[in-house]
Amino acid sequence: MSETDGAMLVIAGAGSGKTRVLTYRAAYLIHEKKVPPESIMAITFTNKAAEEMRERIIDLIGKRRYHPWVGTFHRTCANILRNYGPAVGLSDRFTVFDDSEQLAVIKRVMKNNNIDPKPYNPRSFLHRISRAKSHLITPEEFEESANDDFSKKILTVYTQYQMALREQNAFDFDDLLFEACLLLDNHRPTREILQAQYEHLLVDEFQDINPAQYRFIQLIVNPEHKNVFVVGDDDQAIYGWRYADPKFIDKFLDDFKPVNVIKLEDNYRSTDPILKVANEIIRQKTWGIEKTLRTNISGEDPPEFYFRQSEVDEAYFVAETIKEYIDEGGDYGDVVVLYRMNAQSRSFEEVFGRLGLPFQIIGGLRFYQRMEIKDILSYFRILVNDRDRPSLERAINTPKRGIGDKSKDKIFEFMVKNEFGLFDLVENKDDLIEKGLAPSIAKRLPPFLELMGRFRDKSRKLEHVKLLEWIIDKIEYEELLKAEGTYEADARLDNLNELKGAFKSFQEEYPGEGIDRFLEQVSLVSDLDSYQEKTSKITMMTLHSAKGLEFNVVFLPGLEENFLPHSRSQESPKELDEERRLFYVGVTRAKRYLYISCARNRRFRGQSLPQDPSRFLTEIPRDLIKGLEAIEISYRKSMEEPLSISWGSKKKKRVEDDWDIADTEEMPSDAEPIVTRIGSRKKKEKTQVKSEFKVGNTIKHPTFGEGKIIKINPAGGDDNFITIRFEKGVGIKMLSEQKAPLEKI
DNA sequence: CCTCTGGGTATTTTT
DNA sequence: TACCCAGAGG
């Protein structure tokens with residue numbers, strides 16, 4: 001018996017070097033215990049974390065012929081299903097449906113069953129189904145507890161939703177876990193192969209594990225040796241909404257006993273004043289493992305609190321503070337702005353854009369979710385799985401081939417009845433009418449079928465990039481976009497080029513690997529994975545995405561009731577606790593400087609509403625955060641003036657608020673996150689002021705690059721709005737002459 | 001079949 | 001604000 005045998009749990013406080021613990025464990029097993037690298041499986045939640053762990057392990061053990069398997073739960077399960085599924089008759093060419101595709105299936109099923117989407121929100125069905133699947137509850141098992149009317153409806157939808165997915169040879173995210181568990185559970189040979197192969201299992205972020213994931217761990221760990229090493233921090237559990245439950249920590253202690261438990265409370269990241277605040281936040285928790293973080297890093301800079309008039313003012317405060325940091329020699333890459341919701345990035349995007357601060361946004365709309373990318377990839381997805389309905393629906397009428405919703409429904413009906421995939425249609429294209437397809441449709445289908453036939457032939461000869469170019473060319477997709485002539489279309493063209501780049505690097509990295517691997521990679525990546533650590537840009541992301549990262553300077557704006565804690569989480573103490581942990585996660589990202597702020601009024605969904613500072617701030621002793629007394633003043637004010645009286649409307653508007661008056665005929669799109677969005681308020685009369693620039697001048701902007709001035713008009717005061725057409729997909733922007741750092745060239 | 005418009009409404013977080 | 005969807009009209 002050695003010290004690496006058996007189960008081990010590491011409770012690793014924020015900043016205590018969790019990743020380090022895992023990577024060193026792997027390296028130790030390989031170096032000292034002579035465990036073959038390929039006998040180790042390490043599981044994380046994000047691809048980003050997996051990538052980082054893989055790199056760090058390689059740094060420690062050097063490049064070898066075999067490496068440990070490092071992957072997310074989802075990717076690991078997908079891999080197992082592809083490799084071992086065929087043994088039990090599952091196809092290895094399944095498609096993974098994303099959120100929007102799942103929703104489309106749900107909506108269709110609801111329609112077929114005459115369930116009105118008005119009173120019954122399709123999302124709530126999806127949510128309930130996902131909950132069932134995450135608890136490994138099959139439709140049959142669900143039936144037993146479906147007593148009330150609503151549950152019965154869910155049962156119907158769940159049952160047919162699963163049937164629809166299977167018909168299309170598709171899995172959703174939850175299926176990957178569920179099906180992998182079923183496979184391991186029901187197919188002993190597979191289970192034994194995997195249990196024998198992976199002598200050691202390492203699991204990261206154990207506090208965020210859901211029942212299916214826990215079951216997966218139980219199934220993959222060799223029951224004799226129980227070599228499982230898990231690392232987590234119950235104080236950073238923030239995925240309850242995905243059915244994660246930190247109480248699995250307790251279950252783990254029981255199921256795998258004896259478990260060796262280690263608690264890490266030394267923080268190597270933050271200064272003492274920051275950690276004091278963090279400890280104070282977590283002290284409020286009602287359950288969990290007690291711990292108090294300690295650090296040796298002293299610091300004279302306490303966290304600071306700022307209270308601003310509006311979300312725009314708040315963004316200006318952040319921008320100014322960042323500028324000071326840069327002036328003192330800091331780097332933009334050290335700075336992060338963390339918010340609760342993606343929508344909160346707006347004010348920062350606009351203000352940073354105006355002031356010329358470089359930034360990158362993580363999250364929001366993802367690259368592979370974009371229309372143009374999905375359009376093109378749908379052709380490839382059909383190649384892998386010709387029953388993938390969402391892809392068929394897209395491809396069949398992109399470009400327009402005169403086949404609308406009605407026709408599509410008929411075609412799919414026909415396909416399902418004959419158990420046809422698309423390539424069966426291709427093979428039978430001459431006698432579709434005989435087989436019962438409406439002639440009006442059968443007549444319009446051949447060009448598409450011929451194209452797909454040729455596409456499949458080409459796919460056997462051409463390398464990936466060439467094949468991509470071939471299909472884009474054949475469907476004249478770029479011409480289509482060019483003809484549009486909008487800036488949005490320009491951005492889409494850029495994205496296509498980026499896609500070509502992605503194909504190319506895949507081809508180089510995995511020569512000889514089929515396109516299905518690429519597609520799988522694509523379907524399982526999140527936007528966080530594209531986060532670039534090394535760029536010299538301010539990073540903006542949600543608190544959820546920030547877990548596991550650290551920054552020298554952290555801004556936590558919007559610390560207000562209904563934002564943090566979020567309005568949807570105020571009902572139960574459990575959810576409230578999770579919000580508090582989110583705050584904790586935010587605070588503990590900071591190494592040296594931490595700025596917390598609130599706005600008195602915040603514009604959200606088109607209207608500005610008065611805000612109250614977050615209750616979490618009232619829980620912190622005032623002397624731990626500089627300027628925190630300001631919240632007292634706020635509460636006094638709201639006593640005098642009931643909250644229903646809006647501040648915003650009566651007050652004189654700030655100049656900045658008027659900046660988004662648009663009078664350009666061409667509006668930039670919001671396709672690129674970096675784009676400044678322009679509002680739609682009516683133009684007001686302003687007097688002309690002299691400008692340093694002329695229409696036609698070429699200028700340079702640090703964020704947007706070079707551009708040509710196409711319009712100058714007064715902004716009131718002594719400022720002008722300069723409308724500039726920037727190069728390459730940045731599009732047209734209207735900037736303030738006074739504030740924007742424009743340089744004539 | 002396709003495109004445009006206006007009304008209604010609200011995902012918070014992500015694999 | 002921004003998206004989705006139904007309905008109208010070409």
Side-chain angles (χ1 to χ4, degrees), chain A residues 43-50 71-78 96-100 102-104 107 111 117-118 121-124 126-127 130 133-134 171-177 205 208-210 212-213 237-244 311 338-344 346-347 350 362-366 368-369 397 399-408 440-441 444 520-529 541-547 558 562-570 575 578-579 581-582 585-586 602-609 660 669-670 677-681:
Chain A
I43 308 216
T44 63
F45 274 78
T46 66
N47 292 297
K48 173 88 173 59
T72 62
F73 273 101
H74 295 270
R75 193 183 294 283
T76 305
C77 289
V96 181
F97 276 8
D98 70 16
D99 192 59
S100 65
Q102 291 179 53
L103 206 56
K107 283 179 185 162
K111 207 172 165 189
K118 285 239 167 63
N121 181 201
R123 281 220 132 78
S124 70
L126 187 55
H127 191 256
S130 174
K133 288 191 185 183
S134 300
F171 287 142
D172 62 19
F173 286 123
D174 301 318
D175 280 334
L176 293 174
L177 291 161
E205 308 279 12
D208 281 325
I209 229 156
N210 75 22
Q213 288 162 160
I238 53 174
Y239 283 95
W241 52 276
R242 242 166 55 184
Y243 322 107
E311 80 287 349
L338 301 175
Y339 32 76
R340 178 66 235 266
M341 291 180 273
N342 285 120
Q344 288 174 266
R346 266 298 258 301
S347 47
E350 293 185 2
I362 311 299
L365 32 135
R366 290 160 213 187
Y368 290 102
Q369 308 255 37
N397 210 28
K400 302 266 178 297
R401 295 186 178 96
I403 302 169
D405 290 349
K406 282 261 151 51
S407 305
K408 284 180 194 162
S440 58
I441 298 166
R444 266 175 273 176
E520 177 178 308
Q521 197 160 310
V522 157
S523 62
L524 297 178
V525 295
S526 75
D527 202 64
L528 179 61
D529 307 325
M541 63 173 104
T542 62
L543 287 159
H544 282 88
S545 304
K547 198 169 63 165
N562 295 322
F563 283 85
L564 191 70
H566 189 268
S567 54
R568 292 277 187 121
S569 340
Q570 308 223 356
E575 285 173 294
E578 183 153 310
E579 296 290 304
R581 292 194 291 269
L582 221 33
V585 166
R602 182 169 299 273
R603 180 173 279 277
F604 182 58
R605 281 189 191 153
Q607 55 176 329
S608 184
L609 290 174
D660 45 10
S669 76
D670 59 355
R677 294 173 178 94
I678 293 181
S680 56
R681 258 175 289 162

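Naming convention: chains lettered A, B, ... in sequence-line order (proteins, then strands); numbering from 1 in each chain.
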ask   = NZ of A/K118 versus C1' of B/dG7: gap in Å, rounded?
value = 10 Å

ask   = Base, sugar-phosphate, or nothing: which does A/G606 touch, judged by heavy atoms less than 4.0 Å apart?
value = base

Atom pair CZ (A/F171) and CG (A/L176), whose distance is rounded to the nearest 0.5 Å = 7.0 Å

inquiry  = The side chain of A/K400 is closest to which nucleotide in this list: C/dT1, B/dT3, B/dC1?
reply    = B/dT3

task = Scan A/K107 against the nucleic acid and name what it touches under 4.0 Å (heavy atoms): base, sugar-phosphate only, or nothing.
result = sugar-phosphate

ask   = Given the side-chain rings of A/F45 and A/Y239, with only the six-membered ring counted for Trp, is the space between their centroids under 6.0 Å?
value = no

remark   = Rounded to whole Å, the NZ-P distance (A/K111 to C/dC5) equals 10 Å

remark   = Protein-proximity profile, nucleotides 10-15 of chain B, B/S/- by nucleotide at the 4.0 Å heavy-atom cutoff, equals BBBBBB

key: Interatomic distance at P, C/dC4 relative to B/dT13, whole Å   = 15 Å

ask   = Side chains of A/N47 and A/V525: does their closest heavy-atom pair fall under 4.5 Å?
value = yes

query = Would you call A/D98 and A/R366 a salt bridge, taking side-chain N to carboxylate O under 4.0 Å as the test?
reply = no

remark   = From the list A/K547, A/H566, A/R340, side-chain contact (heavy atoms from CB on, under 4.5 Å) partner of A/L582 resolves to A/R340

message = Using a 4.0 Å heavy-atom cut-off, does A/N397 contact any base of the nucleic acid, only the sugar-phosphate backbone, or nothing at all?
response = sugar-phosphate

request  = Give me the ring orientation class for A/F173 and A/H74: parallel if the planes are under 30° apart, tilted from 30 to 60°, perpendicular past 60°.
outcome  = perpendicular

